[in-house]
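Order of appearance sets the numbers: ligands from 1, and atoms from 1 within every ligand. Note that the coordinates shown come from a computational prediction; the quantities given were computed from them, not determined experimentally.
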Amino acid sequence: MSAPFDPLEFRRALGAFTTGVTIVTARALDGTPVGVTANSFNSVSLSPPMILWSLARSSRSLAAFQSADHWVVHILAADQEALSNRFAKSGEDKFAGLATETGVGAAPLLKDCACRLQCKTAFFKEAGDHVIFVGEVVAFDRRDVPCLVFHAGKYGLATRKTDPSLLSGKGPRESDISYGEDFLGYLLWRADLHFRNRVTPQLNAHGLDRDSFMILAMLMHRDGRSLDRLTFDMLSQFGSQGIRERVAALSGQGWVTAKQQDAASTVWLTDTGRAVALRIHVALQSIEADLLGRLDPTESLAIKHLLRSFIVQTDDGLPHPWQDVT
Ligand SMILES: Cc1cc2nc3c(=O)[nH]c(=O)nc-3n(C[C@H](O)[C@H](O)[C@H](O)COP(=O)(O)O)c2cc1C
């Protein structure tokens with residue numbers, strides 16, 4: 001009997017429920033490993049420990065799961081999206097080239113997951129176009145890593161919510177014309193300030209200001225830019241002025257050198273300049289690691305994802321600072 005509503009709309013409604021992503025594996029009677037991506041996983045009972053998931057009756061792996069005494073639910077880590085997609089495609093050799101271990105009932109165990117629940121089949125039951133599998137957990141292992149999330153048909157990350165009042169403790173803003181702490185401009189500026197307050201002393205220790213360092217960084221990605229182009233990029237990307245003077249100062253230190261090419265004056269990093277830029281780069285990476293280390297691991301992943309998404313979606317065609325230019 002068909003449903004009294006649009007099936008697509010029903011799927012969308014179910015997609016409002018956010019889940020993790022799992023891959024369930026087992027060994028077929030003929031020894032072939034089987035596995036499917038499933039987000040229908042749920043916990044059932046703590047004592048005895050039981051879990052469930054459901055598989056479409058159309059799945060090629062159905063018979064193998066129905067005949068298997070054991071199966072393993074792998075809860076995927078945030079960086080296992082490709083693995084999820086691999087096991088969501090029907091009919092291919094999903095295990096080709098994949099390093100696995102062997103679990104209960106010879107079920108294949110996938111590596112680097114957030115959690116693996118090895119189960120003995122308790123029972124399975126047909127329900128509409130799916131079969132529900134219920135298993136008793138006989139062994140499990142877990143890692144403290146960010147998990148992959150599925151919501152509204154898309155992969156995601158789950159981060160905890162922050163109480164906005166933690167930011168200042170000053171309560172609501174006093175007037176409508178004062179910039180509130182939920183103003184994006186304020187948040188970006190303040191976050192940048194926290195980063196810069198750590199970075200500036202590193203740069204100063206090398207006798208550099210931010211703009212001089214950005215010149216070195218630009219040249220690290222591609223040197224031999226023309227002085228005109230460098231001046232234009234520094235102004236359009238960072239609002240920086242006085243580039244010619246800075247290049248002259250860097251040249252005086254022996255960190256960059258100018259060469260005349262055709263009609264243009266081009267700027268190149270010297271070996272010493274490259275070594276200094278690399279040293280600073282390493283120091284900046286350790287500042288980043290320290291600052292992000294104060295966040296929850298999923299938050300530190302999510303903050304970069306969100307900033308990337310913001311940059312992509314609000315870009316009005318600004319040239320990329322590292323892109324190849326002459
Ligand atoms: C995020 C995600 C969750 C899925 N969850 C389920 C599920 O719970 N049950 C299911 O039958 N199929 C689910 N699928 C689709 C199956 O993974 C896919 O149909 C399966 O790999 C078919 O493999 P097979 O025909 O080789 O057995 C899901 C796919 C994705 C991408």
Residues Ser309 and Gln313: side-chain donor-acceptor under 3.5 angstrom |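 Note: Ser309 and Gln313 side chains meet the donor-acceptor criterion.
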
Tell me yes or no: between the side chains of Arg190 and His194, is some donor less than 3.5 Å from an acceptor?
->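 On atom types as modelled, these side chains qualify, holding a pair under 3.5 Å.
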
Distance from [atom] to nearest protein heavy atom, with residue and atom:
atom	result
atom 13 (C) of ligand 1	Thr37 O, 3.2 Å
atom 18 (C) of ligand 1	Ala88 O, 3.4 Å
atom 25 (O) of ligand 1	Ser90 OG, 2.6 Å
atom 5 (N) of ligand 1	Asn39 N, 3.0 Å
atom 8 (O) of ligand 1	Ser40 OG, 2.6 Å
atom 23 (O) of ligand 1	Lys94 NZ, 2.9 Å

Using distance alone, determine whether [X] and ligand 1 share an N or O pair under 3.5 Å.
X	value
Tyr155	no
Phe87	yes
Ser84	no

Any chance you could lay out the salt bridge (charged side-chain N to carboxylate O under 4.0 Å, His left out) test for Arg274 and Asp223, step after step, and finish with the verdict?
-> CA-CA 10 Å; Arg274 192 173 297 276; Asp223 62 355; 3.2 Å; yes

When Arg222 is tested against each of Met220, Met218, Arg225 for side-chain contact (heavy atoms from CB on, under 4.5 Å), which residue passes?
->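 So, applying the side-chain contact (heavy atoms from CB on, under 4.5 Å) to Arg222 and each of Met220, Met218, Arg225, only Arg225 qualifies.
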
For [X], atoms of ligand 1 separated by under 4.0 Å from a heavy atom:
X	value
Ala56	10 (C), 11 (O)
Ser61	24 (P), 26 (O), 27 (O)
Leu55	11 (O)
Phe150	1 (C)

SB check Asp141 Arg116 (cutoff 4.0 Å) |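 Yes, this pair counts.
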
State whether Asp228 and Arg244 are salt-bridged, where the test is any N-O pair (Lys NZ or Arg NE/NH1/NH2 against Asp/Glu carboxylate O) under 4.0 Å.
->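 The answer is yes: the pair qualifies as a salt bridge.
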
Could you check if a side-chain atom of Arg210 sits within less than 4.5 angstrom of a side-chain atom of Ser240, using non-hydrogen atoms only?
->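 Of all side-chain heavy-atom pairs linking Ser240 with Arg210, at least one is under 4.5 Å.
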
Do Phe133 and Val24 touch side chain to side chain, with heavy atoms closer than 4.5 Å?
->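 Sidechains of Val24 and Phe133: no contact.
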
Quick one: hydrophobic cluster around Val72, which other residues, with the 4.5 Å side-chain cut-off, linked directly or via members?
->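 Grouped by the 4.5 Å side-chain rule, Leu109 form the rest of the cluster around Val72.
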
Under 4.0 Å from ligand 1, counting heavy atoms only, is it the side chain of Ser54, its backbone, both or neither?
->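 Answer for Ser54: backbone.
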
